[in-house]
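Down below is the structure, laid out as structure tokens.
What you see is a predicted model, and the numbers here were worked out from it, not measured in a lab.
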Amino acid sequence: MKKLFIVLGMIAGVVVGFGLAILIINLINTANINDSDEPAEVIEATEVREHEINLSNYNTNIALTEAGEYQLYGDFTHLIKIDLPTEEDTEAKLQVTLFLNNVNIASDTTAIKSIHPSDITLITPIKTVNTITSTADTVIDTVGHLAIDGEGILTVQNHQADTGRGVAVLANNMGIYGGEVVLIGGATSTGAGVSTRDKYWIKGGDVTILGTDMLEAPVSNDALLPDIKPRSASFSLRQIYPAGSVIKVCSDDGIKVATYTAPASFRTVVISNELITPGEYTLYIDNNEIKTTEVK
């Protein structure tokens, strides 16, 4: 009997020791997981509740925390944070519309950033000229949908030159509906005018997109609406061409549909406007014939 108690005691000791070892391993793993978790990005910003904003009056990041329309004016060198909490009780996304009235943003950080999946619309009123630039990884960055519309001019350019992502617009998906829109990626190996997690499309406007990374062209136009959606001529080139190069795109019957002096180096070109119809289009750089593509 004594031997039986000894054996049972030994078995109990082994079981307790095994359980303790498992507990210690779990605690270590939990600690490792917690240590590897990246902290959430914290962007310090001054909350602005006015919906008519002269950006020249602010010398810090600003945060917009209410849905609705905002009229923006002036010069700015910081970040506009769109901070609308996700509405879990409703299927409708919160929306922010920014009217750009001759806005000039030149930032060392991302210029416009939405940290929640809100829908953002940028509208350029007629006769306005708007420029948004940055030397950060992205110029405009949203985890939701971005729409660009209007009748004015909008240039978004990434000035990142050496390392980093160098993207002009990063969004889950994006639609361009009007205006003269120019999107230019940085000169890094991943510089892109547009980078979307899902897709982007062009339904209107006069659009030029330049980048140095792999070509990300807009999704195909809807054949059911041939008279509404402009088509796009997209070119992926074998080499990077320098800033100052003259870009010209002509149809197969010799009609010039676009001409542009590149303000930055580029390897990919997307041109979209109402002059582009089904057919072949040839890209010329400094009057040299470079590549021909078919637009369906």
Problem set entry | T188 side-chain N/O to G164 backbone N/O, donor-acceptor pair under 3.5 Å | yes
Seminar exercise, completed: Scanning both residues in full, the closest heavy-atom pair of N173 with W201 reads CB-CZ3, 4.0 Å
Exercise. Would the number of heavy atoms belonging to other residues, nucleotides or ligands and lying under 6.0 Å from CG of D162 be above 12?
Worked result: no
Problem set entry | Flag if over 12 foreign heavy atoms under 6.0 Å of CZ, R197 | yes
Exercise. Are I247 and T208 close enough that some pair of their side-chain heavy atoms sits under 4.5 Å apart?
Worked result: no
Problem set entry | Main-chain N/O of F99 paired to N101 side chain as donor or acceptor, under 3.5 Å | yes
Problem set entry | Donor-acceptor pair, side chain of K81 and main chain of I43, under 3.5 angstrom | yes
Exercise. Using a side-chain heavy atom cutoff under 4.5 Å and only I, L, V, M, F, W and Y, what cluster partners does Y73 have?
Worked result: none
For this session: Supply the atom-to-atom distance Y200 OH to S195 OG, rounded to the nearest 0.5 angstrom.
Result: 10.0 Å
For this session: For side chain to side chain contact (heavy atoms under 4.5 Å, CB included), just list the numbers for L183 and I176, CA-CA rounded to whole Å, side-chain angles, deciding distance to a tenth of an Å, and then say yes or no.
Result: CA-CA 11 Å; L183 308 176; I176 300 176; 4.3 Å; yes
Exercise. Would you find a donor on one side and an acceptor on the other, under 3.5 Å apart, between the side chain of T212 and the backbone of S189?
Worked result: no
Exercise. Can you check whether L275's main-chain N or O pairs, donor with acceptor, with N273's side chain at less than 3.5 Å?
Worked result: yes
Problem set entry | Cluster link I105 to I153, ILVMFWY, side chain under 4.5 Å | no
Problem set entry | Heavy-atom side-chain proximity of L122 to T124 below 4.5 angstrom | no
For this session: Say whether, by atom type as modelled, one donor and one acceptor occur between the side chain of T128 and the main chain of N102 under 3.5 angstrom.
Result: no
Problem set entry | side chain to side chain contact (heavy atoms under 4.5 Å, CB included) assessment of I285 paired with F266 | CA-CA 11 Å; I285 298 177; F266 64 94; 3.7 Å; yes
For this session: Using the rule that two of Ile, Leu, Val, Met, Phe, Trp, Tyr join whenever any of their side-chain heavy atoms come within less than 4.5 Å, decide whether L215 and V167 are in one cluster.
Result: no
For this session: Treating Ile, Leu, Val, Met, Phe, Trp and Tyr as nodes and any side-chain heavy-atom pair under 4.5 angstrom as an edge, say whether I123 and L94 lie in one connected cluster.
Result: no
Exercise. Where the side chain of D137 meets the backbone of R165, is there a donor-acceptor pair that is under 3.5 Å apart?
Worked result: yes
Exercise. Do T110 and T138 pass the side chain to side chain donor-acceptor pair (under 3.5 Å) test, and can you show the C-alpha distance, the side-chain angles, and the key distance before you say yes or no?
Worked result: CA-CA 5 Å; T110 298; T138 56; 3.0 Å; yes
For this session: Show your reasoning for whether side chain to side chain donor-acceptor pair (under 3.5 Å) applies to H116 and D83.
Result: CA-CA 7 Å; H116 299 291; D83 191 2; 3.2 Å; yes
Problem set entry | Over all atoms of both residues, closest heavy-atom pair of P242 and S265 | CA-OG, 4.0 Å
Exercise. Are side-chain N/O atoms of S236 and T268 paired as donor and acceptor at under 3.5 Å?
Worked result: no
For this session: Given side chain to side chain contact (heavy atoms under 4.5 Å, CB included), test Y70 with V96 step by step and report yes or no.
Result: CA-CA 8 Å; Y70 292 83; V96 167; 4.0 Å; yes
Exercise. Are L146 and I209 linked, directly or through other ILVMFWY residues, by side chains that come within less than 4.5 angstrom of each other?
Worked result: yes
For this session: Indicate, with yes or no, if V169 and V270 share a hydrophobic cluster defined by side-chain heavy-atom contacts under 4.5 Å among Ile, Leu, Val, Met, Phe, Trp and Tyr.
Result: yes
Exercise. Is a side-chain donor or acceptor of S107 paired with a backbone partner of H78 at a separation under 3.5 angstrom?
Worked result: yes
Problem set entry | Min side-chain heavy-atom separation S251-T277 under 4.5 Å | no
Seminar exercise, completed: Looking only at heavy atoms, the pair that brings V295 and S232 closest together is CG2-O, 3.5 Å
For this session: Using a cut-off of 6.0 Å, state whether more than 12 heavy atoms not belonging to E274 lie near its atom CD.
Result: no
Exercise. Going through the checks in order, is the side chain to side chain contact (heavy atoms under 4.5 Å, CB included) test met by I290 and Y241?
Worked result: CA-CA 11 Å; I290 303 298; Y241 290 85; 3.6 Å; yes
Exercise. Any side-chain heavy-atom pair from V143 and N172 closer than 4.5 angstrom?
Worked result: no
Exercise. What are the two closest heavy atoms between P263 and I184, and how far apart are they?
Worked result: CG-CD1, 3.2 Å
For this session: State, with a plain yes or no, whether a side-chain heavy atom of L283 is found less than 4.5 Å away from one of L237.
Result: yes
For this session: In sequence, state the C-alpha distance, the side-chain angles, and the governing distance for E44 and N61, and then conclude on side chain to side chain donor-acceptor pair (under 3.5 Å).
Result: CA-CA 7 Å; E44 299 293 337; N61 297 336; over 6 Å; no
For this session: Could you walk me through whether Q95 and T121 pass side chain to side chain donor-acceptor pair (under 3.5 Å), step by step?
Result: CA-CA 8 Å; Q95 299 187 25; T121 300; 5.4 Å; no
For this session: Give the intermediate values and the outcome of salt bridge (Lys or Arg N to Asp or Glu O under 4.0 Å) for residues E47 and R49.
Result: CA-CA 7 Å; E47 184 177 358; R49 292 188 173 273; 3.0 Å; yes
Exercise. Can you tell if the side chain of I53 reaches within under 4.5 Å of the side chain of Y58, non-hydrogen atoms only?
Worked result: yes
Exercise. If we only count heavy atoms from C-beta on, is the H51 to E66 side-chain gap below 4.5 Å?
Worked result: yes
Seminar exercise, completed: In short, S114 meets I120 closest at the heavy-atom pair CB-CD1, 3.3 Å
Exercise. Do T142 and I82 come close enough that some side-chain heavy atom pair is under 4.5 Å?
Worked result: no
Exercise. Where the side chain of T77 meets the backbone of N59, is there a donor-acceptor pair that is under 3.5 Å apart?
Worked result: no
Exercise. Does a sphere of radius 6.0 Å around CG in N287 hold more than 12 heavy atoms from other residues, nucleotides or ligands, not counting ones at 6.0 Å or beyond?
Worked result: no
